[in-house]
Amino acid sequence: MLRGRARRGRKAHAGTGDDPLDAAQERRVRAVLALGGVPQADLPDGVQQVRLRLLERAASGREAPRDVSAWAAVVASNLAMDWHRAKRRQERLGERLAALRQLEHPSGEDTSVLSVAVAQGLDELPDAQRQVVVLRFYADLPVRSIAEQLGVPEGTVKSRLHTAVRALRARLHEDEVV
């Protein structure tokens, strides 16, 4: 099995029956997907997508990622962004249908005001900013790993984080949540 730095430099072999993700990596992938807005019911599919991409990478003859855990977190973040974009398209369609029906009262859910405000704030961030926020604060990746995995300079990651946190903070103050 590929396990983070333990297998650095070795190639994965798709037909060995080994799981390319260990339990800790799978938990991290699940967390990144969940924090990226993927519902619980879809998490197993997301984890399988990450496994599949790792196996495809190995089958194509490319070297295993230097840090499988970080690589898997970035792939999971990208999958969550894809899911999020599709969700937004569905929500916009739902909003248009709701406007046609002239609904006056949205359905109430028992979620905390802060969670809703943060989720809405994340929704409003550009994809690149949302991605670095999720990878840094929810997947707990260091700036250096995020930069390496995304193929951007560390300064770019820091800049995106700064801008995103400032926007989230402003949103929470604007909504009088904090």
Side-chain angles (χ1 to χ4, degrees), residues 1-8 12 18-58 64-91 109-152 154 156-158 160-169 171-172 177-178:
M1 283 195 272
L2 295 175
R3 295 193 191 275
R5 296 179 183 156
R7 299 265 183 177
R8 188 181 293 177
D18 289 339
D19 189 343
L21 297 176
D22 66 24
Q25 293 164 340
E26 182 175 334
R27 282 192 302 276
R28 179 181 258 182
V29 166
R30 283 179 174 277
V32 169
L33 290 168
L35 291 167
V38 177
Q40 289 289 90
D42 293 339
L43 292 181
D45 289 339
V47 171
Q48 287 300 88
Q49 283 292 321
V50 173
R51 277 189 179 102
L52 177 63
R53 290 189 185 176
L54 189 56
L55 291 170
E56 286 173 341
R57 180 183 177 107
R66 206 164 45 112
D67 183 350
V68 174
S69 187
W71 181 89
V74 170
V75 171
S77 175
N78 289 337
L79 289 170
M81 285 185 0
D82 292 345
W83 184 89
H84 193 71
R85 286 184 196 114
K87 178 183 167 206
R88 269 192 278 166
R89 283 191 298 271
Q90 289 297 321
E91 286 174 352
E109 293 183 354
D110 295 328
T111 56
S112 75
V113 174
L114 181 59
S115 295
V116 171
V118 169
Q120 288 173 343
L122 283 171
D123 285 348
E124 293 174 2
L125 291 176
D127 291 339
Q129 290 178 8
R130 184 180 329 100
Q131 184 177 35
V132 295
V133 166
V134 169
L135 291 172
R136 177 67 190 105
F137 296 114
Y138 295 109
D140 201 28
L141 291 178
V143 170
R144 175 173 283 164
S145 290
I146 296 169
E148 288 173 0
Q149 295 299 321
L150 296 179
V152 298
E154 286 183 46
T156 300
V157 172
K158 290 176 184 178
R160 289 176 185 172
L161 279 171
H162 176 77
T163 304
V165 169
R166 189 176 63 216
L168 285 172
R169 186 178 294 127
R171 166 67 189 241
L172 294 176
V177 176
V178 292

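Values below: all heavy atoms of this structure, side chains included; hydrogens, waters and symmetry mates excluded.
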Side chains of [X] and [Y], heavy atoms from C-beta outward: is any pair under 4.5 Å?
X      : Y      : answer
Arg57  : Pro20  : no
Val143 : Leu161 : yes
Asp127 : Gln131 : no
Val47  : Val50  : no
Trp83  : Pro39  : yes
Leu150 : Val132 : yes
Ser145 : Leu135 : no

For [X] versus [Y], what's the shortest heavy-atom pair and its separation?
X      : Y      : result
Leu125 : Ala167 : CD2-CB, 3.9 Å
Ala73  : Ala139 : CB-CB, 4.3 Å
Pro65  : Leu54  : CD-CD1, 3.8 Å
Arg53  : Val75  : CD-CG1, 3.8 Å
Leu43  : Ala34  : CD2-N, 3.7 Å
Leu21  : Ala72  : CD2-CB, 4.0 Å

- Short side-chain to backbone donor-acceptor contact, Gln25 and Asp22, under 3.5 Å: yes
- Query: So which of Arg144, Arg136, Arg160 actually passes salt bridge (Lys or Arg N to Asp or Glu O under 4.0 Å) with Glu154?
  - Reply: Arg144
Kindly compute the distance separating [atom1] ([X]) from [atom2] ([Y]), expressed to the nearest 0.5 Å.
X      : Y      : atom1 : atom2 : answer
Leu172 : Arg169 : CG    : CZ    : 9.0 Å
Leu122 : Arg171 : CG    : CZ    : 10.0 Å
Leu33  : Leu79  : CG    : CG    : 6.5 Å

- Task: For residues 27-46, pull every pair meeting salt bridge (charged side-chain N to carboxylate O under 4.0 Å, His left out), keeping only residues two or more places apart or in separate chains.
- Result: Glu26-Arg30
